[in-house]
Amino acid sequence: GFSTQDTAGQILIGTLAAGINRYDPIGKSVTLYRGGRKALTFDDNSAWATIISREGMLWVVTFASNLFVADPLQNNLPYFPMGVNVTSFFEDDNRSIWLGTSSGLLRSDQPTSIETPLLGKSAIVGLNDKSIRTVYKDGFGYIWVGTTGEITRYDQKANSFANFRRDEKNSASYSGGNPFVITENN
């Protein structure tokens with residue numbers, strides 16, 4: 001699940017089994033977006049993660065492999081069936097949305113054009129495992145991708161990769177395991 005505040009000032013609370021709750025702090029009311037309520041068209045109750053883009057669009061991914069993209073000022077949530085599980089996403093400086101999925105890293109330049117394969121599925125050599133668990137862009141512009149037992153750093157400008165894995169002979173190497181979150185230490 002998740003919680004975030006949209007550009008309209010509403011608090012959104014995503015659940016894994018009961019849809020999305022939208023709390024209006026001014027009117028002190030809650031609107032439920034849940035399967036079976038055709039007027040609000042969120043027919044997937046398994047909201048997993050969300051981001052609000054710089055343009056104010058709400059992006060929601062679900063366990064059922066759907067991507068919902070909506071204007072928070074509207075009451076419906078149109079969706080795009082992804083066909084793959086989206087595990088993580090972020091917006092870059094060019095306003096593209098990057099989606100880490102069970103089939104690689106995808107990039108969307110607009111809400112209506114979702115699947116631009118970038119890494120994984122042998123789209124570009126360098127990412128050894130296409131099952132992405134997390135994706136993060138650091139302050140230097142590198143894109144960090146966490147997969148099963150490995151972390152990969154992608155330099156978009158140079159189109160180059162650096163892979164970090166556990167090396168039993170090097171105690172300073174990556175500790176191994178499955179990374180679920182990558183973040184920067186300020």
Side-chain angles (χ1 to χ4, degrees), residues 1-7 11-14 20 47-63 65-72 77 79-80 82-166 172-186:
F2 62 84
S3 65
T4 191
Q5 186 170 19
D6 68 19
T7 55
I11 307 297
L12 300 165
I13 303 163
I20 298 175
W48 169 246
T50 187
I51 61 170
I52 306 285
S53 72
R54 286 188 205 117
E55 295 172 346
M57 298 300 286
L58 171 70
W59 293 65
V60 178
V61 294
T62 70
F63 271 164
S65 302
N66 290 316
L67 173 66
F68 292 80
V69 182
D71 180 342
L77 296 169
Y79 75 96
F80 306 91
M82 293 292 292
V84 295
N85 291 325
V86 178
T87 55
S88 182
F89 50 2
F90 73 93
E91 182 178 19
D92 70 15
D93 296 338
N94 298 321
R95 297 188 178 200
S96 294
I97 304 291
W98 294 64
L99 302 107
T101 75
S102 57
S103 294
L105 187 60
L106 308 177
R107 187 182 71 211
S108 171
D109 295 322
Q110 302 172 13
T112 55
S113 64
I114 300 302
E115 295 189 46
T116 302
L118 196 62
L119 303 173
K121 279 192 166 179
S122 70
I124 296 175
V125 176
L127 190 66
N128 294 320
D129 185 346
K130 67 182 181 179
S131 183
I132 295 172
R133 300 187 184 285
T134 186
V135 61
Y136 176 78
K137 181 180 173 216
D138 71 17
F140 297 103
Y142 294 117
I143 297 172
W144 294 85
V145 180
T147 63
T148 306
E150 181 175 277
I151 295 176
T152 299
R153 185 185 69 203
Y154 175 56
D155 182 343
Q156 217 177 340
K157 292 176 186 169
N159 193 29
S160 65
F161 300 86
N163 296 314
F164 302 92
R165 325 180 169 84
R166 179 157 178 75
S173 70
Y174 172 58
S175 65
N178 299 324
F180 286 98
V181 175
I182 297 174
T183 190
E184 205 162 355
N185 188 5
N186 293 330

For Ser88 versus Val135, what's the shortest heavy-atom pair and its separation?
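Shortest heavy-atom contact: OG-N, 3.2 Å.
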Can any side-chain N or O of [X] pair as donor or acceptor with the backbone N or O of [Y] at less than 3.5 Å?
| X | Y | result |
| --- | --- | --- |
| Thr152 | Val145 | no |
| Asp92 | Asn94 | yes |
| Thr4 | Leu12 | no |

Sort and list the pairs that fulfil salt bridge (Lys or Arg N to Asp or Glu O under 4.0 Å) and have at least one residue in residues 131-148, not counting sequence neighbours.
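Qualifying pairs, neighbours excluded: Asp93-Lys137.
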Can you label the angle between the Tyr154 ring and the Trp98 ring as parallel, tilted or perpendicular, going by 30° and 60°?
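The arrangement is tilted - the two ring planes meet at 30° to 60°.
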Working to the nearest 0.5 angstrom, can you tell me the gap between [X] [atom1] and [Y] [atom2]?
| X | Y | atom1 | atom2 | answer |
| --- | --- | --- | --- | --- |
| Ile182 | Ile143 | CD1 | CD1 | 11.5 Å |
| Thr134 | Phe90 | OG1 | CZ | 10.0 Å |
| Tyr136 | Arg153 | OH | CZ | 14.0 Å |
| Asn163 | Thr147 | CG | OG1 | 8.0 Å |

Checking [X] now: which residues fulfil side chain to side chain contact (heavy atoms under 4.5 Å, CB included) with it, not counting sequence neighbours?
| X | value |
| --- | --- |
| Ala158 | Asp155, Ser160 |
| Ser53 | Glu55, Met57, Trp59, Glu91, Ile97 |
| Ile11 | Gln5, Ile13, Tyr23 |

Test ring pair (Phe, Tyr, Trp, His ring centres under 6.0 Å) applied to Phe164 - qualifying residues, sequence neighbours left out:
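Only Trp144 meet the ring pair (Phe, Tyr, Trp, His ring centres under 6.0 Å) criterion with Phe164.
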Taking ring pair (Phe, Tyr, Trp, His ring centres under 6.0 Å) as the definition, give me every residue that meets it alongside Phe2, ordered by chain and number, with sequence neighbours left out.
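Listed in chain order: nothing, the list is empty.
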pair Asp6-Leu58: side-chain heavy atoms closer than 4.5 Å
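Side-chain contact under 4.5 Å: no.
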Using a cut-off of 6.0 Å, state whether more than 12 heavy atoms not belonging to Phe180 lie near its atom CZ.
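Atom CZ in Phe180 is packed in, count exceeds 12.
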